[in-house]
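Below is one structure, written out as structure tokens; the observations come after it.
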Amino acid sequence: MDSYDFKEAEKRIIKFWEREKIYKFDAKSKKKIYSIDTPPPTVSGKMHIGHAFSYAQQDFIVRYKRMKGFNIFYPFGTDDNGLPTERLVEKTKGIRAKDFSREEFIKICTNFLKEELPAFIQDWKNIGISSDFDIYYSTINEHCRRISQWSFLDLHKKGRVYRKDAPAMWCPECQTGISQVECQDKILKSKFVHLVFRVDGKDIIIATTRPELLPACVAVFYHPSDKRYKALKGRMAEVPLFKFKVPVMEDERVSMDKGTGIVMCCTFGDQTDMEWQKAYNLAIKEAISKNGRMAEIAGQYKGMRIKEARANITEDLKKQGVLVKEEGIEHAVNVHERCGTEIEFVKSKQWFVRYLDLKEKMLEWGNELKWHPSHMKHRYDNWIRGLQWDWLISRQRYFGVPFPVWYCKKCNEVVLADETQLPVDPVKDKPKKKCKCGSADFEPENDVLDTWFTSSMTPQLAIQLMPKNMQESLFPMSLRPQAHEIITFWLFNTVVKSNLHYSKNPFSDVIISGFVTLHGEKMAKSKGNVIEPQAVVEKYSADALRFWAASSKLGEDMEYRENEIVAGKKFVTKIFNAARFIFMNIKNDKDKKTRQPKKMEEIDRLFLSRLNEVIENSTNAFDSYEYSKAKSEADYFFWHVFCDNYLELVKRRTYSGTKEEKENALYTLHSSLLAILKLMAPFTPFITEELYQQHYKNQEKEKSIHLAGWPEKFRIAEKKDDADKFNLLIEIISKVRQAKSEANKSIKAEIILTIEKETKDKLKGIMQDLTSVINAKEIKEGEFKVEFI
RNA sequence: GGGCUCGUAGUCCAGUGGUUAAGACGCCGCCUUCACACGGCGGAGACCCGAGGUUCGACUCCUCGCGGGCCCACCA
């Protein structure tokens with residue numbers, strides 16, 4: 001074969017891996033298990049380059065562990081119960097979720113996924129991810145709904161979930177509660193109005209952009225160190241227009257330089273308002289109701305839309321002379337990304353997971369994990385320290401895992417589903433028993449669970465696909481690989497859930513990958529700066545893509561440059577050609593010398609000694625998750641030691657050496673190439689598999705290089721000054737090449753070389769190799785000199 | 001505003017309390033019987049973001065800046 005056709009080969013090799021079940025988890029094996037809590041990618045389109053980058057990085061580790069002899073449990077799931085999938089379906093099908101019943105919409109989504117998923121998952125296969133794709137879950141399927149609902153029931157049993165009235169983000173236009181991901185920042189024009197509040201007959205001026213919230217005002221705040229208002233502490237302020245009185249209080253959350261430095265607090269104004277309500281146990285007043293209109297307490301403004309009320313109230317404030325100043329401003333507000341409407345906080349009944357009391361324990365759980373890189377733990381800690389609320393898990397969406405809950409119409413009692421009937425859809429199904437009060441008339445819970453509530457169960461989602469007797473040995477898992485921006489969501493929630501359910505951490509090690517940037521920014525569809533990995537694979541091969549991904553350390557973001565991928569492609573070509581040279585000289589199995597010769601040539605010994613160093617360094621690097629170091633060790637050795645020097649040194653013997661010399665050379669070439677292939681197999685699984693299949697399969701036990709053992713050091717007699725001797729040889733070769741280049745001579749030009757006697761003595765045993773590689777007619781003693789003939 | 005992180009040749013990145021600061025891409029020059037021109041060899045190219053400090057000595061440790069990024073918070 002003259003050249004390597006990666007397009008043909010990679011397709012063929014993927015099929016080979018699938019057919020031979022190379023990556024199958026062996027449930028019967030006695031080998032030690034290494035299990036991975038694989039991130040389930042969100043189904044919202046195609047695999048993007050960031051996916052390719054981080055999944056390749058976790059795959060390096062997994063492939064290494066597999067070669068190290070572990071029984072690998074590497075499942076694959078897709079996260080498709082969330083809003084992104086819902087949105088994708090709506091977009092692709094041109095429909096709107098709210099026009100369907102939940103059951104209908106779920107059916108549409110499920111069918112859609114059934115069609116789209118194989119192509120979606122194929123992208124992961126195409127970049128050589130070595131998951132056992134038969135261990136598969138989809139976070140919306142029955143299996144996952146059952147586990148997610150079980151989780152809810154279990155937490156309920158443990159007293160960890162509760163339902164209560166709480167402010168929720170609400171879109172008055174769409175009339176639905178929304179989650180944080182549905183919010184968007186938008187710069188809007190607004191008016192800052194300065195209003196007069198009266199305190200003990202004195203006027204104080206308060207600025208606000210929301211005069212329509214005046215009827216919900218419950219207090220006014222200033223900063224404790226603000227001397228202007230210090231005297232007012234504990235007094236009552238009279239709210240303009242509405243004429244009721246609220247206390248003047250101090251709190252550090254006020255910024256002295258904003259507005260007039262004194263602010264009104266309305267229970268559902270914004271986040272801070274709600275914090276104050278909670279902190280000082282202030283009254284709860286609702287100015288805006290769910291339909292987006294003014295509520296009862298707005299008096300004459302009741303029933304008006306928000307903007308209408310704002311205009312009317314502003315007008316009336318002016319009339320009464322209590323509006324002293326009006327200034328136009330621009331500020332960022334949260335809007336509903338679908339309709340652009342400003343988000344309100346509205347009181348409604350929501351389910352929560354109670355966990356604020358566990359902050360100390362959460363920090364301990366984090367300490368018990370082994371973080372790679374270690375600084376990523378700070379993000380976890382920092383998030384916990386800043387936690388202010390219990391986990392709100394209800395979402396007013398359609399496509400998601402329903403709460404396994406009904407409410408008794410007669411006595412309002414919460415009725416839970418029975419574990420045996422999971423998964424349930426309360427809208428469609430009925431409780432197994434009557435309510436305690438005897439009634440059988442139930443109201444279903446319409447909300448669905450936060451998608452993180454389900455994805456925080458990924459270890460169980462995967463493990464429970466296995467036979468019961470296996471499950472215990474798979475949990476906790478060995479490794480959680482993921483990206484850093486979701487430490488506070490996915491990782492945190494998984495750790496919490498696992499500890500609440502099972503009183504232990506879900507995994508022991510965590511590896512955090514960075515992401516791909518373009519011009520310094522994270523690649524994202526919304527920024528329009530995406531590179532499609534599919535196109536990269538098509539043009540340069542999956543090996544090249546992975547080779548590039550291996551050049552960045554864990555946790556480091558990397559700037560995308562197409563040129564870097566070229567280096568990977570060159571590596572593939574180079575190793576193919578190096579193998580071609582070797583096997584040009586080894587025509588058949590008879591020529592293969594797999595046993596180490598009794599009397600080894602000095603140059604071979606020196607070379608293998610150097611290779612041993614690489615094997616050791618590479619292994620150590622992998623053991624501490626430093627795959628990029630492992631890769632550069634092997635890559636450097638292959639290119640600069642093996643190809644640039646050793647192959648040239650050994651040519652004399654392979655072309656014109658004695659039988660013994662030749663056999664010795666071929667042994668070293670044959671066995672060192674295998675070691676190099678193995679060292680590179682985690683990174684470039686395709687070309688290494690191809691060469692293994694072509695040249696090594698017959699003599700090796702395993703049917704794939706990826707099942708073959710990780711290379712062991714060669715058993716040779718190593719001496720202290722081996723490295724010095726080898727480096728000295730290479731240094732001289734390099735100096736001769738330099739001289740030839742400067743003289744514009746061919747690299748093969750014949751020369752007479754002069755070197756110091758001392759140097760010559762040091763190179764005892766390898767002078768003949770030196771002579772041939774530089775094509776010297778003679779090597780003299782004296783000051784270093786290169787003469788052309 | 002808070003936390004974390006990064007800042008090394010035109011570009012992407014290695015790296016260590018004392019090195020001739022590594023490699024790759026790009027650039028320039030030379031080299032074609034004998035694995036590879038999808039190549040080889042050689043070369044040019046870096047006051048290691050800035051200012052202080054610790055030290056006999058810092059690109060490497062500390063402090064403060066400046067700049068990029070991510071997450072969180074804020075958005076009266």
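What's counted below: heavy atoms across the whole structure, side chains too, no hydrogens, waters or symmetry copies.
Applying the side chain to side chain donor-acceptor pair (under 3.5 Å) definition to pairs two or more places apart or across chains, none involves residues 741-750 of chain A. Identified under the side chain to side chain donor-acceptor pair (under 3.5 Å) test for residues 563-575 of chain A, with sequence neighbours left out: none.
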*Take nucleotides 9-16 of chain B nucleotide by nucleotide from the 5' end and write B, S or -, depending on whether a protein heavy atom sits under 4.0 Å from the base, only from the sugar-phosphate, or from neither.*
--BBSSS-

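For the side chain to side chain donor-acceptor pair (under 3.5 Å) test, residues two or more places apart in sequence or in another chain that qualify with A/Ser456 are A/Lys497. Among residues two or more places apart in sequence or in another chain, the ring pair (Phe, Tyr, Trp, His ring centres under 6.0 Å) test is passed with A/Phe686 by A/Trp17. Partners of A/Asp251 by salt bridge (charged side-chain N to carboxylate O under 4.0 Å, His left out), not counting sequence neighbours, listed by chain and number: A/Arg253. For A/Asn585, there are no side chain to side chain donor-acceptor pair (under 3.5 Å) partners at least two apart in sequence or on another chain. Scanning for salt bridge (charged side-chain N to carboxylate O under 4.0 Å, His left out) contacts around A/Glu648 gives A/Lys651, with sequence neighbours left out. By the salt bridge (charged side-chain N to carboxylate O under 4.0 Å, His left out) test, A/Asp724 pairs with no residue at all, sequence neighbours left out. Residues passing the side-chain contact (heavy atoms from CB on, under 4.5 Å) test with A/His378, sequence neighbours excluded: A/His375.
We find that CH2 of A/Trp383 is positioned 10 Å from C1' of B/A73, with the value rounded to whole Å. We find that CG of A/Leu691 is positioned 16 Å from P of B/C36, with the value rounded to whole Å. Straight-line distance from the CG atom of A/Asp251 to the C1' atom of B/A76: 13 Å, rounded to whole Å. The CD atom of A/Glu562 sits 12 Å away from the P atom of B/G26 (whole-angstrom rounding). For A/Asp381 and B/C72, the CG to C1' distance is 14 Å, given to the nearest whole Å. What separates CG of A/Leu649 from P of B/C41 is a distance of 13 Å, to the nearest Å. Computed from coordinates, the A/His640 NE2 to B/C36 P distance equals 20 Å when rounded to whole Å.
Spacing of P atoms, B/G18 relative to B/C28, comes out at 37 Å, to the nearest Å. Look at the C1' atom in both B/C48 and B/A14: the space between them is 12 Å, to the nearest Å. Separating the P atom of B/U63 from that of B/C70 is a span of 25 Å, rounded to the nearest Å. Taking the C1' atoms as reference points, B/U11 lies 12 Å from B/C27, given to the whole Å. Across the C1' atoms, B/G67 and B/C74 are found 23 Å apart, a figure rounded to whole Å. Comparing the same atom, C1', in B/A46 and in B/U20 gives a spacing of 14 Å after rounding to whole Å. Taking atom P on both B/C59 and B/U16, the two are 16 Å apart, rounded to the nearest angstrom. Taking atom C1' in both B/C75 and B/U5, the straight-line distance is 26 Å, to the nearest Å.
Base-pair partner of B/C70: B/G3 (Watson-Crick or G-U wobble, both distances under 3.5 Å). Across the strands present, B/C36 finds no partner; the criterion is a Watson-Crick or G-U wobble pair with both atom distances under 3.5 angstrom. Using the Watson-Crick or G-U wobble rule with both distances under 3.5 Å, B/U63 pairs with B/A51. Applying the Watson-Crick and G-U wobble criteria (two distances, each under 3.5 Å), B/G42 pairs with B/C28.
Separation of atoms CE (A/Met264) and CD1 (A/Ile206) is listed at 8.0 Å; rounding is to 0.5 Å.
A/Ala578 comes within contact range of at least one nucleobase, with a heavy-atom separation under 4.0 Å. Across all strands shown, A/Val254 has heavy atoms under 4.0 Å from base atoms, whether or not it also approaches the sugar-phosphate. Across all strands shown, A/Cys265 has no heavy atoms under 4.0 Å from either base or sugar-phosphate atoms. Base contact: A/Leu647 has a heavy atom under 4.0 Å from a base atom. Using a 4.0 Å heavy-atom criterion, one finds that A/Glu342 contacts no nucleic acid atom at all. Among the heavy atoms of the strands, none lies under 4.0 Å from A/Phe583. Using a 4.0 Å heavy-atom cutoff across all strands shown, A/Thr260 reaches no nucleic acid atom at all.
For the pair A/Tyr380 (side chain) and A/Met362 (backbone), a donor-acceptor distance under 3.5 Å is present.
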Between the protein and nucleotides 32-34 of chain B, which nitrogen or oxygen pairs come in under 3.5 angstrom?
{"residue": "B/C34", "atom": "O3'", "partner": "A/Tyr655", "partner atom": "OH", "Å": "3.3"}
{"residue": "B/C34", "atom": "O2'", "partner": "A/Tyr655", "partner atom": "OH", "Å": "2.9"}

Identify each atom pair where a protein N or O and an N or O of nucleotides 37-40 of chain B are less than 3.5 Å apart, giving names and distance.
{"residue": "B/C38", "atom": "O2", "partner": "A/Thr573", "partner atom": "OG1", "Å": "3.0"}
{"residue": "B/G39", "atom": "O3'", "partner": "A/Lys574", "partner atom": "NZ", "Å": "3.4"}
{"residue": "B/G40", "atom": "OP1", "partner": "A/Lys574", "partner atom": "NZ", "Å": "3.1"}
{"residue": "B/G40", "atom": "OP1", "partner": "A/Trp639", "partner atom": "NE1", "Å": "2.9"}

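Using a 30° and 60° split on the angle between ring planes, A/Tyr560 and A/Trp548 fall in the perpendicular class, above 60°.
Between A/Val263 and A/Ala579, the residue anchored closer to the 5' end of RNA chain B is A/Ala579, taking for each the nucleotide with the nearest heavy atom. In terms of position on RNA chain B, the residue among A/His378 and A/Ala743 whose nearest nucleotide sits closer to the 5' end is A/His378.
Picking from B/A76, B/G2, B/C36 the nucleotide with the shortest atom distance to the side chain of A/Arg580 gives B/C36. Nearest to the side-chain atoms of A/Ser741 among the listed nucleotides B/G23, B/C71, B/C41 stands B/C41. Distances were taken from every side-chain heavy atom of A/Arg379 (C-beta onward) to each of B/C72, B/G3, B/G42; the shortest belongs to B/G3.
OP1 or OP2 of B/G43 sits under 4.0 Å from a side-chain N or O of A/Gln738.
A/Val220 places none of its side-chain heavy atoms less than 4.5 Å from the side chain of A/Cys265.
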*asked:* I'd like to know whether A/Lys629 forms a side chain to side chain donor-acceptor pair (under 3.5 Å) with A/Asn617, so could you lay out the CA-CA distance, the side-chain angles of the two residues, the decisive distance to 0.1 Å, and finally the verdict.
replied: CA-CA 8 Å; A/Lys629 206 168 168 185; A/Asn617 291 344; over 6 Å; no

